[in-house]
Peer 1: 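This is the structure I have questions about; it appears just below.
All residue numbers refer to positions in the sequence shown, counting from 1.
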Amino acid sequence: MKEKSLKIVAIVLGVVLAIVGIQDISMVSELSKDKKDLTARIQELQTEYNNLSSDYDEINAQLDSSRAEVALLIEQIRTTEATNRAKMRKYEKELGTLRSLMRSYVIQIDSLNSQNKRLAADLASSRAQLAQSTKTNEALSAKVEDLST
């Protein structure tokens, strides 16, 4: 009887271990997939950062700094095991932060470009007014010269 119950316990333990093993394999596979997805999203962000440029030195310096952060994050993800959920969550948060930074850079660049266009239009208008005033001044000067003789 004892031998039979030991066999039953051994069989039950074997089945439990097999189920746990299958679940572990499934979980590791899912975590590996999540890691690949996160890596792909960060590489996409890196491409977006590389395509972003500005005519302003200060923004370019900030962009370079963020590009370096993205490259570092990609390297950290590559060296982190997929089963380290805490680090993967941390990297996802960093990805969100870097995305929001990029949005703010795009907004700043758009705003500066709009201001630049407006200022260029104002400058062109001012130059036209100056040219007109110069012509009027020259005409008046010529008239005064004519009248004084």
Peer 1: Using the rule that Ile, Leu, Val, Met, Phe, Trp and Tyr join whenever any side-chain heavy atoms are under 4.5 Å apart, tell me whether Val20 and Val12 fall into a single cluster.
Peer 2: yes
Peer 1: Do other residues, nucleotides or ligands put more than 12 heavy atoms under 6.0 Å from Glu48 CD?
Peer 2: yes
Peer 1: Looking at NZ of Lys35 and CD1 of Ile77, how far apart are the two atoms once the value is rounded to the nearest 0.5 Å?
Peer 2: 8.5 Å
Peer 1: Are Tyr49 and Leu45 close enough, and set up right, to give a side-chain contact (heavy atoms from CB on, under 4.5 Å), and what steps lead you there?
Peer 2: CA-CA 6 Å; Tyr49 263 106; Leu45 180 68; 3.8 Å; yes
Peer 1: Take Arg67 and Asp64, measure what salt bridge (charged side-chain N to carboxylate O under 4.0 Å, His left out) needs, and give me the verdict at the end.
Peer 2: CA-CA 5 Å; Arg67 285 181 187 117; Asp64 289 341; 2.8 Å; yes
Peer 1: Look up atom OG1 in Thr47 and atom CG in Leu52, then write down how far apart they are to the nearest 0.5 Å.
Peer 2: 12.5 Å
Peer 1: Mind checking the CG-CD spacing from Leu73 to Glu92? Nearest 0.5 Å is all I need.
Peer 2: 10.5 Å
Peer 1: Quick check on Glu58: does its CD atom have over 12 non-hydrogen neighbours (other residues, nucleotides or ligands) under 6.0 Å away?
Peer 2: no
Peer 1: Go through it in stages, so that I can follow the logic: the residues are Asn113 and Tyr56, the test is side-chain contact (heavy atoms from CB on, under 4.5 Å), and I'd like the CA-CA distance, side-chain angles, deciding distance and then a yes or no.
Peer 2: CA-CA 10 Å; Asn113 285 339; Tyr56 308 97; 3.9 Å; yes
Peer 1: Can we say Asp37 and Lys33 salt-bridge, meaning some charged N sits less than 4.0 Å from an Asp/Glu carboxylate O?
Peer 2: no
Peer 1: Run the side-chain contact (heavy atoms from CB on, under 4.5 Å) test on Gln62 and Ser66 for me, step by step, so that the C-alpha distance in whole Å, both residues' side-chain angles and the decisive distance to 0.1 Å come before the verdict.
Peer 2: CA-CA 6 Å; Gln62 292 172 347; Ser66 293; 5.6 Å; no
Peer 1: Rounded to the nearest 0.5 Å, what separates atom CD1 in Ile59 from atom CG in Leu112?
Peer 2: 4.5 Å
Peer 1: Give the cluster check for Tyr105 versus Ile42: same hydrophobic cluster or not, with ILVMFWY residues linked at side-chain heavy-atom distances below 4.5 Å.
Peer 2: yes
Peer 1: About how many Å separate CD of Glu69 and OG of Ser65, when rounded to the nearest 0.5 Å?
Peer 2: 5.0 Å
Peer 1: Say you draw a straight line from CG of Asp55 to CG of Asn116; how long is it, rounded to the nearest 0.5 Å?
Peer 2: 7.5 Å
Peer 1: Does Leu72 belong to the same Ile/Leu/Val/Met/Phe/Trp/Tyr cluster as Met88, with side-chain heavy atoms less than 4.5 Å apart forming each link?
Peer 2: no
Peer 1: Could you tell me if the side chain of Gln129 sits less than 4.5 Å from the side chain of Ser125, heavy atoms only?
Peer 2: yes
Peer 1: Output, in order, the C-alpha distance, side-chain angles, deciding distance and verdict of salt bridge (charged side-chain N to carboxylate O under 4.0 Å, His left out) for Lys87 and Glu81.
Peer 2: CA-CA 9 Å; Lys87 281 194 176 182; Glu81 290 192 29; over 6 Å; no
Peer 1: Got Glu44 and Arg99 here, is their nearest side-chain heavy-atom distance under 4.5 Å?
Peer 2: yes
Peer 1: Give a yes or no answer on whether the side chain of Ser111 reaches the backbone of Ile107 with a donor-acceptor pair at less than 3.5 Å.
Peer 2: no
